[in-house]
Protein chains: 2
Amino acid sequence: MSTPERLIESTRELLWERGYVGTSPKAVLERSGAGQGSMYHHFKGKQDLALAAIRRTAEEMRASAEGILGGPGTPYERVEAYLRRERDVLRGCPIGRLTMDPEVIASDDLRAPVDETLDWLRERLAGIVEEGREQGEFPLSLDGEETAATIVATVQGGYVLARASGSPAAFDAAVRGLLALLRPAR
Amino acid sequence: MSTPERLIESTRELLWERGYVGTSPKAVLERSGAGQGSMYHHFKGKQDLALAAIRRTAEEMRASAEGILGGPGTPYERVEAYLRRERDVLRGCPIGRLTMDPEVIASDDLRAPVDETLDWLRERLAGIVEEGREQGEFPLSLDGEETAATIVATVQGGYVLARASGSPAAFDAAVRGLLALLRPAR
DNA sequence: GTCTATAATTTGATAGAC
DNA sequence: GTCTATCAAATTATAGAC
């Protein structure tokens, strides 16, 4: 892997584990094996490197969600597949966790890819819920955008509950609770 | 206010705004107006002070939730009142945000009050959902614990969506989406 | 109890040799 | 492109005077 690649990948890991405020250039250098000079040659500084890392993580997250949401199945089945997909629950969401970082929220540049990713996910799910309403799988009383927000929030909040308790169980419970509420009557 | 009080209150604010990793003793001293010596006289260090601050925030959050959940109304009405209560949405949850802090999660002492608070909230809501099932306000097909986990997760995740977009609208949408799913048929 | 002084380490970056 | 040297400021304390 090239030096800039190694810097980005190490930064991605550290941002996931420790957030922006908790990640120092020194830690990135140690993990990547690069020297001080290399980092400042390829990137303007901590924020520039973090931006490259966040953009890549956002792209990956979107592609992986699309892989499931654009797959086979009825709307309910695709939502279920998304909610039940394997996740490293205790590590949390590499994008969502950034919203709790004061310096990410303070910088429009750093926040933009986070916002765009979660917004895309909500829109994607809203379309699927609408599809389900039209097909009669979901009640017409549901609102696509609102239901989609609830689905994304349940996932993001599920990580919070799991990390608080140190176990994925609470995440799974929240997902099962939501699926029971969404489940079509037979 | 006494010096220890001012130290705790300043730490509470900073933990809410910046998390544990992002909060320095220096910032606490500046905000509280106390000197270096005072802080280390009354507390063993950063972690000890943070623990006192987190415990107090946890107590307050619990009391304020109980004020609504133990209030009047049917089970659905009490859940709705809790979800719709006024919140400083863009500031996020002062307890939930700590789960994204690597040093809080790494310390059993710091994590304990966070875990206990969210756990208490889930149990409290689970009891209310059970009550609603028995009274026929919620379908018997719902599971109390799972539905409660979904409710708490929606709130916690709602903060994530709101902070990502820089607007409370997404939080409100997630709450409305959940209430539509929970709403008793007339 | 509170204050100032001191200190070892880390942070985030620049300079300049190679 | 990569390296080491250097730097001012911040971090998380401890020491000891008052």
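All chains are named by letter (A, B, ...) in the order of the sequence lines, taking the proteins before the strands, and each is independently numbered beginning at 1.
Going from atom CZ of A/F43 over to atom C1' of D/dG1 covers 13 Å, rounded to whole Å. In this structure, A/K26 atom NZ and D/dT4 atom C1' are separated by 15 Å, rounded to whole Å. As rounded to whole Å, 14 Å separates atom P of D/dA13 from atom CG of B/L7. Look at NE2 on A/H42: it is 17 Å from C1' on C/dA13, rounded to the nearest Å. Note: CG (B/L29) to P (D/dA13) measures 11 Å, nearest angstrom. As rounded to whole Å, 5 Å separates atom C1' of C/dA13 from atom OH of A/Y40. As a whole-Å value, the separation of B/M39 CE from C/dC3 P is 14 Å.
Within the 4.5 Å cutoff, side-chain heavy atoms of B/E103 are placed close to those of A/R18.
At D/dT2, one or more side-chain N or O atoms of A/T3 fall inside 4.0 Å of OP1 or OP2 (strictly under the cut-off). The side chain of B/S24 places no N or O atom within less than 4.0 Å of a non-bridging phosphate oxygen (OP1 or OP2) of D/dA10.
We find the CD1-CG distance between A/I151 and A/L125 to be 5.0 Å, quoted to the nearest 0.5 Å.
Nearest nucleotide to the side chain of A/S38, out of C/dT4, C/dG1, D/dT2: D/dT2.
A/S141 and B/R183 form no side-chain donor-acceptor contact under 3.5 Å, judged by distance and modelled atom types alone. B/R97 and B/Y159 are not linked by any side-chain donor-acceptor pair at a separation below 3.5 angstrom, with hydrogens and angles left out of the test.
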